[in-house]
Asks: 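Below: one structure in structure tokens.
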Amino acid sequence: MTITLYNSMSRQKEEFVPIEPGHVGIYVCGPTVYGPPHLGHAKSYVTFDVLVKHLRQSGLKVRYVQNITDVGHLTDDADAGEDKIQRQARIDQVHPYEVVDKWTRQYMNDMEKLRVAHPSFYVRASQHIGEQIEAVQSLVEKGHAYVVDGNVYYNVESFPEYGKLSGRRLEEQKEGVRVETRGDKRNPRDFALWKKADPGHILKWNSPWGEGYPGWHIECSVMATKYLGKTFDIHGGGLENKFPHHECEIAQSESLNDAPFCRYWVHNNMVTVDGIKMGKSLGNFRTCEDLLARHSPEALRAFVLSTHYRSPSNYTEEAITAAASGLTRLTQLQTALLEIVEKNVSAGASDNEAEKLSGEVDAKIRERLDDDIDSPGAIATLYSFVTEVNRFIGASALSARVAALILAVVQKWGGDVLGILPAISGKESEVDIAPIMQMLIELRQEMKAAKKFDVADAIRNRLKDAGVLIEDTRDGARWKRI
RNA sequence: GGCGGCAUAGCCAAGUGGUAAGGCGAAGGUCUGCAAAACCUUUAUUCAUCGGUUCAAAUCCGAUUGCCGCCUCCA
């Protein structure tokens with residue numbers, strides 16, 4: 001078993017070899033909590049959710065750390081503009097932490113609905129101010145940073161490798177057009193490690209340079225290395241953070257620790273709406289909450305995972321609906337397999353064939369995910385397996401033992417890892433409607449036997465209106481909630 | 001202007017040197033009192049265009065065109 005990942009640093013797929021055998025440390029850039037989580041967040045965190053789950057079920061012990069940016073993320077570039085959270089707080093006329101708390105809860109709520117597993121733990125920038133100050137101080141002492149009037153800037157010229165991730169060379173960076181030169185910086189590319197707080201700034205801390213707050217990039221450097229080590233395995237995040245955010249993280253961390261920052265950079269691509277990037281400033285973003293109101297979590301995951309994580313996902317309502325339609329076959333299969341297991345069928349004409357196929361499919365899906373998390377390939381394999389298994393079921397050729405085996409494979413990949421197979425719903429109401437349904441089905445059967453089809457149809461229609469679907473099969477009727 | 005990526009059927013989307021997965025949609029069929037579900041068949045002689053390398057290319061190289069992202073906050 002070899003897992004390969006596309007490393008943005010080397011720009012090619014590489015075999016994934018953990019620093020410490022059997023253990024993986026992964027850090028993923030989390031959201032800045034000042035607004036609603038949207039489809040873009042969903043793509044990113046579903047992607048890393050699948051990556052982590054796949055690593056885990058491949059036998060690796062994973063420590064997955066994700067940050068919550070709750071301070072210091074400016075609206076403009078790294079050294080001007082306003083703190084995003086503070087700005088939102090001013091608009092809402094609340095304390096900044098109220099903004100932070102509200103959107104953190106919303107984020108976690110949405111992620112849970114999307115079946116994104118909790119990381120090993122979340123870390124917050126505001127809870128690591130001391131460590132960040134220490135890091136900045138250390139960078140100043142080592143000559144990588146300088147202080148100007150309460151601000152501390154990182155000197156990019158002190159790190160010759162600056163630009164190695166994004167492929168940008170310092171000398172190529174033309175000054176002026178979009179990068180506004182700030183008076184007190186030595187180089188326009190220098191970025192803020194510590195910002196002096198303006199008089200009205202609420203979230204601020206004491207530091208050797210006066211009251212202020214940390215720059216955006218330093219939090220990730222500090223928290224990632226604190227919990228995962230000076231050099232760790234995987235750093236993930238959205239493509240748009242490659243520059244400047246990740247580039248700055250590398251510069252800070254490596255000049256601070258004199259060690260490589262991380263081994264594999266994994267970047268997920270963007271979500272577009274009608275081919276255009278989804279962005280807050282463009283006003284075309286779709287929130288998770290809104291989408292979850294109209295689609296199942298599984299449908300959203302299937303939509304996201306049907307595109308490779310390194311390709312952009314183009315959002316259309318039609319695409320999500322199509323993903324949901326495809327999913328029903330998977331759900332149906334699960335129900336059908338459970339039925340065979342419950343009936344404890346012993347005979348199985350196709351048992352040998354099915355068992356063999358099941359093993360092959362299991363290996364194939366693993367292979368697809370091993371190959372840089374090819375989720376579309378994995379889903380395709382799963383779907384063609386569904387067709388094959390349905391054929392066996394149609395011929396009544398499976399025993400309970402083999403059905404259980406297949407069910408385990410389908411639930412492992414479709415359910416546990418990809419998260420596109422809905423969990424079997426338990427009792428949703430206080431009254432168990434199963435016996436009632438049984439009675440109605442028997443009654444309806446009698447009507448059918450007596451050729452009173454109008455009555456039988458009326459029962460079926462009334463139940464449909466009530467949210468229960470009757471399906472007549474060769475072996476009698478079955479029902480399910482719509 | 002600089003850096004990077006992508007172009008595969010009506011739509012979504014794998015495949016990265018050996019002769020085009022899968023899903024949605026559509027059409028026909030089997031089953032069925034009718035439905036639903038499921039299954040079967042059909043739906044790209046061809047992978048943006050033009051050259052080149054090779055016995056062999058969607059896959060490698062070059063050029064062209066189009067689209068997208070980053071270079072300012074963004075997952």
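Atoms considered below: every heavy atom in the structure, side chains included; atoms not considered: hydrogens, waters and symmetry mates.
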Asks: For Ala380(A), which contact category applies under a 4.0 Å heavy-atom criterion: base, sugar-phosphate, or nothing?
Replies: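 It contacts base atoms.
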Asks: With sequence neighbours left out, what residues match Asp362(A) under side chain to side chain contact (heavy atoms under 4.5 Å, CB included)?
Replies: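 Residues passing side chain to side chain contact (heavy atoms under 4.5 Å, CB included) with Asp362(A): Val409(A), Lys412(A), Trp413(A).
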Asks: For a quick check of understanding: with a heavy-atom distance under 4.0 Å over all strands, which category does Val271(A) fall into, base, sugar-phosphate or nothing?
Replies: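 Touches a base.
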Asks: Can a salt bridge be assigned to the pair Asp465(A) and Arg462(A) using a cut-off of 4.0 Å between side-chain N and carboxylate O?
Replies: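 Not counted as a salt bridge, because no side-chain N and carboxylate O are separated by less than 4.0 Å.
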Asks: Considering only C71(B), C11(B), C12(B), which nucleotide approaches the side chain of Glu318(A) most closely?
Replies: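 So the side chain of Glu318(A) is nearest to C11(B).
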Asks: How long is the line joining CZ of Phe303(A) and C1' of C11(B), in whole Å?
Replies: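 That distance rounds to 12 Å.
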Asks: Any chance the rings of His217(A) and Phe191(A) have centres within less than 6.0 Å?
Replies: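 Between Phe191(A) and His217(A), which both carry aromatic rings, the centre distance is below 6.0 Å.
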Asks: Against the six-membered ring of Tyr153(A), is Arg186(A) placed for a cation-pi contact (under 6.0 Å from the centre, within 45° of the normal)?
Replies: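 Pair Arg186(A)/Tyr153(A) does not count as cation-pi.
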Asks: How far, in whole Å, is G22(B) from C61(B) if one measures between their P atoms?
Replies: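 After rounding to an integer number of Å, I get 29 Å for this pair.
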Asks: Asp374(A) side chain: which of C12(B), C70(B), A14(B) is closest?
Replies: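 Per side-chain heavy atoms of Asp374(A), the pick is A14(B).
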Asks: Protein-nucleotides 5-9 of chain B N/O pairs closer than 3.5 Å?
Replies:
none

Asks: With a non-hydrogen cut-off below 4.0 angstrom, is His38(A) in contact with a base, only sugar-phosphate, or nothing?
Replies: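 If one applies the 4.0 Å heavy-atom cut-off, His38(A) turns out to touch a base.
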Asks: For Gly326(A), which contact category applies under a 4.0 Å heavy-atom criterion: base, sugar-phosphate, or nothing?
Replies: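 It contacts sugar-phosphate atoms only.
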Asks: Please list, chain by chain and in numerical order, all residues satisfying ring-ring contact (aromatic ring centres under 6.0 Å, His included) with His295(A), sequence neighbours excluded.
Replies: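 Result, ring-ring contact (aromatic ring centres under 6.0 Å, His included) vs His295(A): none returned.
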Asks: Set out, line by line, the N/O atom pairs under 3.5 Å between protein and nucleotides 39-43 of chain B.
Replies:
unit_1	atom_1	unit_2	atom_2	d
C39(B)	OP1	Asn390(A)	ND2	3.1
C40(B)	OP1	Arg391(A)	NH1	2.7

Asks: Under 3.5 Å, sequence neighbours excluded: what are the donor-acceptor pairs made by side chains of residues 323-333 of chain A?
Replies:
unit_1	atom_1	unit_2	atom_2	d
Ser325(A)	OG	Thr321(A)	O	3.0
Thr328(A)	OG1	Ser325(A)	O	2.6
Arg329(A)	NH2	Thr387(A)	OG1	2.5
Thr331(A)	OG1	Leu327(A)	O	3.0

Asks: Quickly work out the Asn268(A) CG to C68(B) P distance and round it to whole Å.
Replies: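 The answer, rounded to whole Å, is 20 Å.
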Asks: Using the C1' atom on both, measure U42(B) against A9(B) and round to a whole Å.
Replies: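 It works out to 14 Å between them.
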Asks: As a test of reading the structure: which of A13(B), G69(B), A36(B) is closest to the side chain of Glu471(A), going by heavy atoms?
Replies: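 Nearest listed nucleotide: A36(B).
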Asks: So if I take every side-chain heavy atom of Leu239(A) and compare against G25(B), G69(B), C12(B), which nucleotide ends up nearest?
Replies: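 It is G69(B).
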Asks: Measuring only the C1' atom in each nucleotide, how far is G52(B) from G17(B)? A whole number of Å is fine.
Replies: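 After rounding to an integer number of Å, I get 16 Å for this pair.
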Asks: How would you list, by chain and number, every residue that makes a salt bridge (Lys or Arg N to Asp or Glu O under 4.0 Å) with Lys53(A), sequence neighbours excluded?
Replies: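 Residues passing salt bridge (Lys or Arg N to Asp or Glu O under 4.0 Å) with Lys53(A): Asp49(A).
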Asks: Would you call Glu471(A)-Lys480(A) a salt bridge at under 4.0 Å N-O?
Replies: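 Yes, this pair counts.
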Asks: What is the distance from CG of Leu418(A) to C1' of G22(B), rounded to the nearest Å?
Replies: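 Result: 14 Å.
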Asks: Do Arg87(A)'s NZ or CZ and the ring of Tyr34(A) fall within the cation-pi criteria of under 6.0 Å and 45°?
Replies: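 Geometry flag: not set, cation outside 6.0 Å or 45°.
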Asks: Please, what dot-bracket string fits RNA chain B when only Watson-Crick and G-U pairs with both distances under 3.5 Å count, crossing ones use [ ] and pairs to another strand use |?
Replies: (((((((..(((.....[...)))((((((.......))))))....(((((..]....))))))))))))....
Asks: According to salt bridge (Lys or Arg N to Asp or Glu O under 4.0 Å), does anything in residues 373-390 of chain A pair up with another residue at least two apart or in another chain? List the pairs.
Replies: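 Passing the test, one end in residues 373-390 of chain A: Arg368(A)-Asp374(A), Glu388(A)-Arg391(A).
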Asks: Could you give the distance separating A56(B) and G18(B) at their C1' atoms, to the nearest angstrom?
Replies: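 Comparing C1' positions in G18(B) and A56(B) gives a spacing of 6 Å.
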Asks: Output a table of nitrogen or oxygen pairs between the protein and nucleotides 31-34 of chain B separated by less than 3.5 Å.
Replies:
unit_1	atom_1	unit_2	atom_2	d
G33(B)	N1	Asp457(A)	OD1	3.2
G33(B)	N2	Asp457(A)	OD2	3.0
C34(B)	O2	Arg460(A)	NH2	2.8
C34(B)	N3	Arg460(A)	NH1	3.2
C34(B)	N3	Arg460(A)	NH2	3.4
C34(B)	N4	Asp472(A)	OD2	3.2

Asks: Please list, chain by chain and in numerical order, all residues satisfying side chain to side chain contact (heavy atoms under 4.5 Å, CB included) with Ser311(A), sequence neighbours excluded.
Replies: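 Side chain to side chain contact (heavy atoms under 4.5 Å, CB included) check on Ser311(A) returns Thr307(A), His308(A).
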Asks: So does Lys242(A) get a side-chain nitrogen or oxygen closer than 4.0 Å to the phosphate oxygens (OP1/OP2) of A75(B)?
Replies: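 No, because none of the side-chain N or O atoms of Lys242(A) sits under 4.0 Å from OP1 or OP2 of A75(B).
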Asks: Once you round it to whole Å, what is the distance between P of G23(B) and CG of Leu421(A)?
Replies: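 Whole-Å distance recorded here is 17 Å.
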Asks: Does Lys277(A) get its side chain close enough to the base of C68(B), under 3.5 Å, for a donor-acceptor pair?
Replies: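 Answer no: no donor N or O sits under 3.5 Å from an acceptor.
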Asks: Give me the distance, rounded to whole Å, that separates G10(B) from U43(B) when you measure between the P atoms they each carry.
Replies: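 Result for the P pair: 14 Å, nearest Å.
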Asks: Does this structure show an ion pair linking Arg310(A) with Asp372(A), if we count only N-O contacts that are shorter than 4.0 Å?
Replies: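 Counted as a salt bridge, because a side-chain N and a carboxylate O are separated by less than 4.0 Å.
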Asks: Is the closest side-chain donor-acceptor distance between Ser399(A) and Asp351(A) under 3.5 Å?
Replies: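 Judged by distance alone, the side chains do pair up.
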Asks: Remember a base hit wins even if backbone is also touched, and classify Tyr45(A) as base, sugar-phosphate or nothing at under 4.0 Å, heavy atoms.
Replies: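 Answer is sugar-phosphate: Tyr45(A) comes under 4.0 Å of backbone atoms only.
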Asks: Can you tell me how far C1' in A13(B) sits from the matching atom in G28(B), rounded to whole Å?
Replies: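 So the two C1' atoms sit 26 Å from each other.
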Asks: Could you tell me how far apart Phe385(A) (CZ) and G23(B) (P) are, to the nearest whole angstrom?
Replies: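 So the two atoms are 14 Å apart, to the nearest Å.
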Asks: From CD of Glu367(A) over to C1' of G15(B), roughly how many Å is that when rounded to an integer?
Replies: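 Glu367(A) atom CD is separated from G15(B) atom C1' by 12 Å.
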Asks: Mind checking the C1' distance from A57(B) to C67(B)? Whole angstroms is fine.
Replies: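 Result for the C1' pair: 24 Å, nearest Å.
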Asks: Let me know, please, whether Gly394(A) or Ile379(A) comes out on the 5' side of the other along RNA chain B by nearest nucleotide.
Replies: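 First, find each residue's nearest nucleotide; the 5'-ward one identifies Ile379(A).
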Asks: Residues in side chain to side chain contact (heavy atoms under 4.5 Å, CB included) with Cys220(A), at least two apart?
Replies: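 If we apply the side chain to side chain contact (heavy atoms under 4.5 Å, CB included) test to Cys220(A), skipping adjacent residues, the hits are Tyr27(A), Cys29(A), Asn67(A), His245(A), Glu249(A).
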Asks: For Val304(A), which residues count as a side chain to side chain contact (heavy atoms under 4.5 Å, CB included) partner, sequence neighbours excluded?
Replies: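 For Val304(A) the side chain to side chain contact (heavy atoms under 4.5 Å, CB included) partners, ignoring immediate neighbours, are Leu39(A), Lys43(A), Val46(A).
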Asks: Could you tell me how far apart Leu382(A) (CG) and G23(B) (C1') are, to the nearest whole angstrom?
Replies: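 Distance, rounded to whole Å: 11 Å.
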Asks: Could you check whether Lys356(A) pairs with Glu353(A) (Lys NZ or Arg NE/NH1/NH2 to Asp/Glu carboxylate O, under 4.0 Å)?
Replies: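 No salt bridge links Lys356(A) with Glu353(A).
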Asks: Rounding to a whole Å, what distance do you find between Arg368(A):CZ and G22(B):P?
Replies: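 It is 14 Å, rounded to the nearest whole Å.
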Asks: Which comes earlier along RNA chain B counting from the 5' end, the contact point of Thr307(A) or that of Tyr383(A), where each point is its nearest nucleotide?
Replies: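 Comparing both residues, the 5'-ward one is Thr307(A).
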Asks: The side chain of Trp216(A) lies closest to which of these nucleotides: C74(B), C12(B), A14(B)?
Replies: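 Within the option list, the nearest is C74(B).
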Asks: When you measure from the side chain of Ala322(A), which nucleotide among C24(B), C12(B), A75(B) comes out closest?
Replies: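 Closest of the options to the side chain of Ala322(A): C24(B).
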